[in-house]
Amino acid sequence: MPPLIAPRIPSGTLELLPREQRQFQRMLDVIRKGFERFGFGPIETPVFEMKDVLLTKSGGETEKQVYFVQSTGALQQGHAPELALRFDLTVPLARYVAMHERDLAFPFRRYQIQRVYRGERPQLGREREFTQCDIDVIGKDALDPLHDAEIPAIIVGIFTDLSLPPFTIHFSNRKVLRGFLEAHGAVGPEAQEPILRAIDKLDKTGMEGLRESLAALGRTELAEPLGRLVTLEGTSDEVTRALQSLALNQPLYTEGVQEVAAMGIALKALGVPEGRVRLDLRIARGLDYYTGTVYETFLDNHPGFGSICSGGRYEDLAGYYTRSRLPGVGISIGATRLFEQLRSIGALPPDSVTEGTHVLIAQVEPALRPACLALGAELRRAGLNVETHLEGTKLDKQLRRADKLGIPFVVILGSAEATRGVVAVKDLAQKTQADIPATDLAAYLRAKVGFLCPAP
RNA sequence: GCGGCCGUAGCUCAGCUGGUAGAGCCCUCGGUUGUGGUCCGAGUUGUCGUGGGUUCGAGUCCCAUCGGCCGCCCCA
């Protein structure tokens, strides 16, 4: 015998058993419905893109995390890879919009639920292959700030539908932060970026860390005013008023505060519950392409899990691919991370009997096999998901199978039942069993399973 | 890419100061005729991550290497 190869998957990848996969799928379904509800349309893009297309904006940090793709043939000839796996869905979106610009209706509202790849050190909630659920709105030349308010409303709806544990979408506005820094002498992106990063790390480093970073940058004088800005607490309205009262005479700052104020009003109008979405000046986001609103979502009781959903506003999405100016705003749910984290705290919703296999038809006598097949066909026509046990092993094995697969009902059809025109229906969870007239079976089970299915 | 911890059955792990391997779970079968998840009994499973070294002898010590987990960078 040849030696066995150890069955394994690369670290940072995830594989689920069918029941878990169903839960994950259900999560994605809820997300998709949430996107559709707000009038977003689906797209998909290839897992790999041309290398030069993908690596435009990245520069240093992201490039190190990119997987290159090369056919073995080309590899043998010593060619450098010309393809790379996408590491997010935003860059492919930019390419997509630039490519199909003339055919799209702007503002272009699309959602995209696909896997992305990052060459990172995996950890819990940090995979090398994971699923992102993105929505973005892309405008032509301009995009009303109202779109920025709609984004969190969409997410709140979805997370509520998912019965998530308490969560908060924190948002801020980089114009406010930049304007504030500008007004305090930190002028220009080169000076501001490192400070914004330091602010973004506040939850890990604390104020001490921020002070240290500022000291290292030779900006000790910013510690005091920035400290006050960043520790503003209260409802979004209260924080907004505090920002307005600072009355910094700085155009960018003023613009940012206006946007923040407008968001507060819009969020109320959209019916987003107070407290779900908070203005939090500690959110800055490291990614430098964000220019206005930024979002970051955390589970209230599990801050260590990191952000499960984040995004923001960017002034020019596709500058590398087209001369058109295409501002946008978007957000991404980290579905794989969210799923893993919910699972680790036991917060995944329980199996639903309306999904998966509803009924297992046990086969106890070879002579009745055709009857079992026919019964299965009939129940399926009634809208039920049915497995007919085709092996016809011992009954206890068949019951164990139903048990293991989480199938709630077992139908037993033997000659004892057949001669009386009934079948035995066993409810595995209730440990009950009843003889049901064969003619009533479909209706009986449908009522038991408790869902409305389309008329046959 | 940097730092720390760890690699023993499919899974989770035990194996004291070196003397050639164990538990639980899982799985299979049985506790007789068509009734599960409980209980009882029986059984299968390992080149102790890999390579080298020290030693009469190494899962146990040393070195290297690969892999995993955690933290950092970054991020969903």
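Throughout, protein chains are lettered first and strands after them, A, B, ... in sequence-line order, and every chain is numbered starting at 1. Side-chain atoms are counted along with the backbone in the values below, which use heavy atoms only and exclude waters and symmetry mates.
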Residue whose nearest RNA chain B nucleotide is more 5′ - Arg126(A) or Ile333(A):
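Closer to the 5' end of RNA chain B: Arg126(A).
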Can you work out whether Gly125(A) or Gly12(A) has the more 5'-proximal nearest nucleotide on RNA chain B?
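Nearest-nucleotide comparison on RNA chain B picks Gly12(A).
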Check: [X] side chain, [N] base, donor-acceptor under 3.5 Å:
X: Glu120(A); N: G1(B); result: no
X: Glu296(A); N: A76(B); result: no
X: Gln398(A); N: U35(B); result: no
X: Arg337(A); N: C75(B); result: yes

Are side-chain N/O atoms of [X] and [Y] paired as donor and acceptor at under 3.5 Å?
X: Asp300(A); Y: Thr168(A); value: yes
X: Asp280(A); Y: Ser172(A); value: no
X: Glu391(A); Y: Gln398(A); value: no
X: Glu127(A); Y: Thr13(A); value: no
X: Tyr67(A); Y: Arg128(A); value: yes

With Asp440(A) via side-chain hydrogen bond (donor to acceptor under 3.5 Å, both in side chains) - residues at least two apart:
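Listed in chain order: nothing, the list is empty.
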Within 45° of the ring axis of Tyr321(A) and under 6.0 Å from its six-membered ring centre, is that where the NZ or CZ of Arg95(A) lies?
no
Kindly confirm or rule out a cation-pi arrangement of Arg276(A) over Phe167(A), judged by NZ or CZ under 6.0 Å from the six-membered ring centre and within 45° of its axis?
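Positive - Arg276(A) is close enough to the ring of Phe167(A) and near enough to its axis.
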Nearest 0.5 Å, what's the CZ-CD distance between Arg19(A) and Gln21(A)?
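Reported value, rounded in 0.5 Å steps: 14.0 Å.
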Phe339(A) side, atom CZ; Met27(A) side, atom CE - distance, nearest 0.5 Å:
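Answer for the CZ-CE pair, Phe339(A) versus Met27(A), is 7.0 Å.
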Could you tell me the separation between the [atom1] atom of [X] and the [atom2] atom of [N], rounded to a whole number of Å?
X: Glu417(A); N: U35(B); atom1: CD; atom2: P; answer: 12 Å
X: Leu399(A); N: G34(B); atom1: CG; atom2: C1'; answer: 9 Å
X: Phe130(A); N: A76(B); atom1: CZ; atom2: P; answer: 7 Å
X: Asp200(A); N: C74(B); atom1: CG; atom2: P; answer: 9 Å
X: Arg401(A); N: U35(B); atom1: CZ; atom2: C1'; answer: 17 Å

For Arg343(A) and Glu20(A), what are the C-alpha separation, side-chain angles and deciding distance, and is it a salt bridge (charged side-chain N to carboxylate O under 4.0 Å, His left out)?
CA-CA 10 Å; Arg343(A) 185 166 59 168; Glu20(A) 303 170 306; 2.7 Å; yes
Using OP1 and OP2 only, check whether a side-chain N or O of [X] sits under 4.0 Å from [N].
X: Ser310(A); N: A76(B); result: yes
X: Gln123(A); N: G71(B); result: yes
X: Arg197(A); N: C74(B); result: yes

Determine the contact category for [X]: base if any of its heavy atoms lies under 4.0 Å from a base atom, sugar-phosphate if only primed atoms, P, OP1 or OP2 are that close, otherwise nothing.
X: Cys309(A); result: sugar-phosphate
X: Ser415(A); result: base
X: Ile308(A); result: sugar-phosphate

Any salt bridge (Lys or Arg N to Asp or Glu O under 4.0 Å) involving residues 152-171 of chain A? Give me the pairs, sequence neighbours left out, ordered by first then second residue.
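Applying salt bridge (Lys or Arg N to Asp or Glu O under 4.0 Å) to every pair that reaches into residues 152-171 of chain A, excluding sequence neighbours, yields Arg37(A)-Asp161(A).
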Can Phe298(A) and His170(A) be said to form a ring pair (Phe, Tyr, Trp, His ring centres under 6.0 Å), step by step?
CA-CA 8 Å; Phe298(A) 301 95; His170(A) 301 254; 5.5 Å; yes
Hey, can you tell me if Tyr289(A) and Tyr314(A) have their rings parallel, tilted or perpendicular (30° and 60° cut-offs)?
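Tyr289(A) and Tyr314(A): perpendicular rings.
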So which nucleotide from C27(B), G34(B), G68(B) ends up closest to the side chain of Ser11(A)?
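Closest of the options to the side chain of Ser11(A): G68(B).
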Rounding to the closest angstrom, what is the interatomic distance between G34(B) and U50(B) at atom P?
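Going atom to atom, P in each nucleotide, I get 48 Å.
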Using atom P in both nucleotides, what's the gap between C13(B) and U45(B) to the nearest angstrom?
23 Å
Would you call Pro107(A) and Leu143(A) a side-chain contact if the rule is heavy atoms closer than 4.5 Å?
yes
Using a cut-off of under 3.5 Å, enumerate the N/O to N/O pairs linking the protein to nucleotides 29-32 of chain B.
residue, atom, partner, partner atom, Å
C29(B), OP1, Lys397(A), NZ, 3.2

Can you sort out which residues in residues 107-118 of chain A have a heavy atom within less than 4.0 Å of RNA chain B? Ascending by number, please.
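Within this stretch, Arg118(A) sit under 4.0 Å of the strand.
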Reading nucleotides 4-12 of chain B from 5' to 3' and marking B where a protein heavy atom lies under 4.0 Å of the base, S where only the sugar-phosphate is that close, and - otherwise, the string is ---------
Dot-bracket, 5' to 3', for RNA chain B please: Watson-Crick or G-U pairs under 3.5 Å, [ ] where pairs cross earlier ones, | where the partner sits on another strand, dots elsewhere.
(((((((..((((........)))).(((((.......))))).....(((((.......))))))))))))....
